[in-house]
Structure formats: structure tokens, C-alpha cells
Amino acid sequence: MAQLSNCPVLEARRLVKRYGQVTALDGADFLLFSGEILAVIGDNGAGKSTLIKALSGAIIPDAGEILLDGKPIHFHSPLDARRQGIETVYQDLAVAPAMSIAENLFLGREAKRTGLLGWIGALDKKRMLAEATRHMQMLKIGIRSMKQAVETLSGGQRQGVAVARSAAFARHVVIMDEPTAALGVKESNMVLDLIRRVRERGLPVILISHNMPHVFEIADRIHIARLGKRACVVNPKHISMSDTVAVMTGAKRPEELPPQALA
């Protein structure tokens, strides 16, 4: 298990989000520490997706606060979260299939050449190609050429491009939403290795996943969401998968777990 620091990198306190008569978050709390992979799981309607959207700037909570490195922060859009070094890899990847790997890594953040008089000129394709190659090599993603179109890659390789893009620009946190969904066993294992390498680079990872074997294989801690709140956080080394699912579904209360199961 990763060594957790005392100060959370990312924290949420008593978050509330309502959609008309539906309460998606009902005083939700959250803690992410440096150097860890934190899995977030929950049944349908548990509020985990809404929680992650709040942490990534996709929605604005009605109440509660979010803290980054111990300081309150307000996100009004995903761009605000990105400016603060929080990157999200969504399930649909949001890659441009017809564009090259290098172009995808810098999509929306293209490097420009500076002209003689200080004005910003054309795209600095040489620099983007070199940087893209470096980031892919650091994560040990085997790609034949950075000039390849993303549409020529396998599902796992496309996921690798999305992960590399997030790791390249994240300064605080990488959030991954169902990164192994629709992938085969071999490609899923490749993505799990990628997540470990991102953590090894010093970036904590939030992993949202329905795949319990993957969660237990890779997570340092597991945040269980239920009924719009944090039910508890457990240590996968000291709790069974069946007990974790029982807490997630309400068949077992967190108080019924042995003390060592709680993280």
C-alpha cells in the first residue's frame, strides 16, 4: 500500500447537489492523498459520478467545499480544474481519431513557435512530436510512430494516448473514469500497468470502476459511495470483495466490518 501523507491533495467536505427533487449528493465527503490509487465504487444512484463531476469541475455543487492542497477552491468548469492540474480521462476518451498521436496529446493545448518580434507563430510541430515521444516513453507505451493516426490504434493503445495526455499536463491529480471498460484482458492489464506508472511519477489517481477484480488488484484504498454519501473507505488488503459489495449495496453496514478493514 502506498505511504499516505497527512495532508490530502484533494478533499471534499459535505458536498450537496440536487437536481429538482432528486438529491445526487447528500453531504458527501472525500479524501485523496498523495502517492495513492483511490478507487471510487458505488451502486447506480450512489452519487459517485456526481462526486467525480464536482471534483473535475463538470458540475458546481449546491453546498459544501472542495480543497486542493488544503486550500478552498471553486471550479466553474472543467477548464478551471485543468488549470489547477486536475486531469480527467473519460470513458469515451475524447480523442480525435483522424489526428496523430502527437496532435492528440496536445489537443487544445498546442505548442506555438515564437516569432522574432515576440508574436506567436505557427504550431511548433517538432517540439510537440518530441514531447509526445518523451511522455509515451516515460509511461512505456509501445507505439510505432507518434505520427500515426489514433484511429489505427487498438483500444488499449487509444486509452494509453488519453492517459499519457492527462499525465503530461496534470500537476495534482489524474481522474480515470472506467478506463478498462470494453477492453480485453490483455489490454486491460496494459491500462492497469499504465495507472501504476502514473502513480509512480508522483501523481495520485482516482479510479472509477465497476470492475471489482481490477479495483482490488490496483487500489490502495476504496471509497464506497452509497445514497449520495461516503459510506466508508476500506483497505482492499483487509476486506473481502463480497464484504465490499455488501457495504456498497447496503446489505452490510460499515460498523459491522472489522476495524482493520477500514482505511
Side-chain angles (χ1 to χ4, degrees), residues 1-17 25 27-42 47-61 63-90 109 135 138-139 162-179 191-209 214-215 217-225 229-237 262-263:
M1 182 172 177
Q3 186 67 38
L4 305 184
S5 65
N6 293 324
C7 182
V9 174
L10 186 62
E11 181 178 2
R13 297 175 181 170
R14 303 175 299 279
L15 292 188
V16 175
K17 182 64 182 178
L25 293 178
D29 296 314
F30 178 87
L31 284 174
L32 175 72
F33 295 97
S34 64
E36 75 166 332
I37 298 170
L38 175 67
V40 177
I41 64 171
K48 65 180 185 302
S49 295
T50 307
L51 172 65
I52 295 307
K53 287 177 181 177
L55 297 175
S56 62
I59 65 163
I60 301 173
E65 63 178 344
I66 297 172
L67 297 92
L68 188 63
D69 287 337
K71 298 177 182 177
I73 194 160
H74 301 280
F75 299 140
H76 298 288
S77 71
L79 188 58
D80 284 346
R82 279 172 53 177
R83 289 191 183 111
Q84 295 298 327
I86 298 174
E87 292 285 333
T88 304
V89 181
Y90 294 102
R109 289 177 276 207
H135 287 300
M138 284 175 66
L139 291 174
V163 170
R165 180 173 61 195
S166 292
F169 292 99
R171 300 189 313 279
H172 280 103
V173 180
V174 174
I175 301 172
M176 300 193 186
D177 181 13
E178 299 285 357
V191 172
L192 294 180
D193 284 341
L194 274 179
I195 295 172
R196 292 187 185 97
R197 289 185 201 119
V198 171
R199 190 259 305 275
E200 287 167 4
R201 290 187 59 199
L203 289 169
V205 177
I206 302 171
L207 171 68
I208 304 96
S209 181
H214 288 172
V215 165
E217 179 181 344
I218 200 169
D220 297 304
R221 297 188 304 140
I222 303 172
H223 172 116
I224 304 176
K229 298 181 180 181
R230 178 179 64 193
C232 62
V233 181
V234 298
N235 184 336
K237 290 182 172 58
L262 299 175

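Bear in mind that the values here come from a model prediction, so they are computed numbers and not experimental data.
With respect to M176, the side chain to side chain contact (heavy atoms under 4.5 Å, CB included) criterion is satisfied by exactly one of I208, I195, I206: I195.
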Output, in order, the C-alpha distance, side-chain angles, deciding distance and verdict of side-chain contact (heavy atoms from CB on, under 4.5 Å) for V173 and V9.
CA-CA 8 Å; V173 180; V9 174; 3.8 Å; yes

With side-chain contact (heavy atoms from CB on, under 4.5 Å) as the test, would you mind laying out the steps for V215 and I222 before giving the verdict?
CA-CA 8 Å; V215 165; I222 303 172; 3.5 Å; yes

Residues V198, R201; criterion side-chain contact (heavy atoms from CB on, under 4.5 Å); working and verdict:
CA-CA 5 Å; V198 171; R201 290 187 59 199; 5.8 Å; no

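Scanning all heavy atoms of the two residues, the minimum distance from P204 to G35 falls at CB-N, 4.1 Å. Considering all non-hydrogen atoms of both residues, G47 and L25 come closest at O-CD2, 3.4 Å. Taking every heavy atom of both residues into account, S209 and I41 meet most closely at O-CG2, 3.6 Å. Closest of all the heavy-atom pairs between C7 and G70 is SG-N, 4.5 Å. Closest heavy-atom contact between L15 and A54: CD1-CB, 4.1 Å. For the pair L192 and H214, the tightest heavy-atom approach, listed with the atom from each and the gap, is CD1-CD2, 3.7 Å.
Side-chain contact between I60 and F75 is absent, with no heavy atoms from C-beta onward closer than 4.5 Å. Under the 4.5 Å side-chain criterion, counting only non-hydrogen atoms from C-beta, L32 is not in contact with P8. Put simply, the side chain of I224 does not reach to within 4.5 Å of the side chain of R230, judged on heavy atoms. Between H172 and D69, some side-chain heavy-atom pair lies under the 4.5 Å cut-off. When side chains are defined from C-beta on, F33 does not count as touching L38, because their heavy atoms never get closer than 4.5 Å. Side-chain atoms of V89 and I175, non-hydrogen and from C-beta on, never get closer than 4.5 Å to each other. Contact annotation: the side chain of P72 never approaches that of I66 to less than 4.5 Å [non-hydrogen atoms, C-beta and beyond]. For the pair R171/R82, no side-chain contact is recorded, criterion being any heavy-atom separation below 4.5 Å from C-beta on.
Atom OG in S56 sits 9.5 Å away from atom CG in L51 (nearest 0.5 Å). Taking CZ from F169 and CZ from R83, the interatomic distance works out to 14.5 Å, rounded to the nearest 0.5 Å. Atom CD1 of I86 sits about 5.0 Å away from atom CG of L68, to the nearest 0.5 Å. Residue I52 holds its CD1 atom at 5.5 Å from CZ of F30, rounded to the nearest 0.5 Å.
Every residue two or more places apart in sequence or in another chain was checked for a salt bridge (Lys or Arg N to Asp or Glu O under 4.0 Å) with D29, and none qualifies. E65 pairs by the salt bridge (Lys or Arg N to Asp or Glu O under 4.0 Å) definition with R13, not counting sequence neighbours.
Taking the charged nitrogens against the carboxylate oxygens, E36 and R221 do have a contact shorter than 4.0 Å, which makes a salt bridge. Between E87 and R109 a salt bridge is recorded (basic side-chain N to carboxylate O distance below 4.0 Å). No salt bridge links E11 with K71; every basic N to acidic carboxylate O contact stays at or beyond 4.0 Å.
A donor-acceptor contact shorter than 3.5 Å is absent between the side chain of K53 and the backbone of I59.
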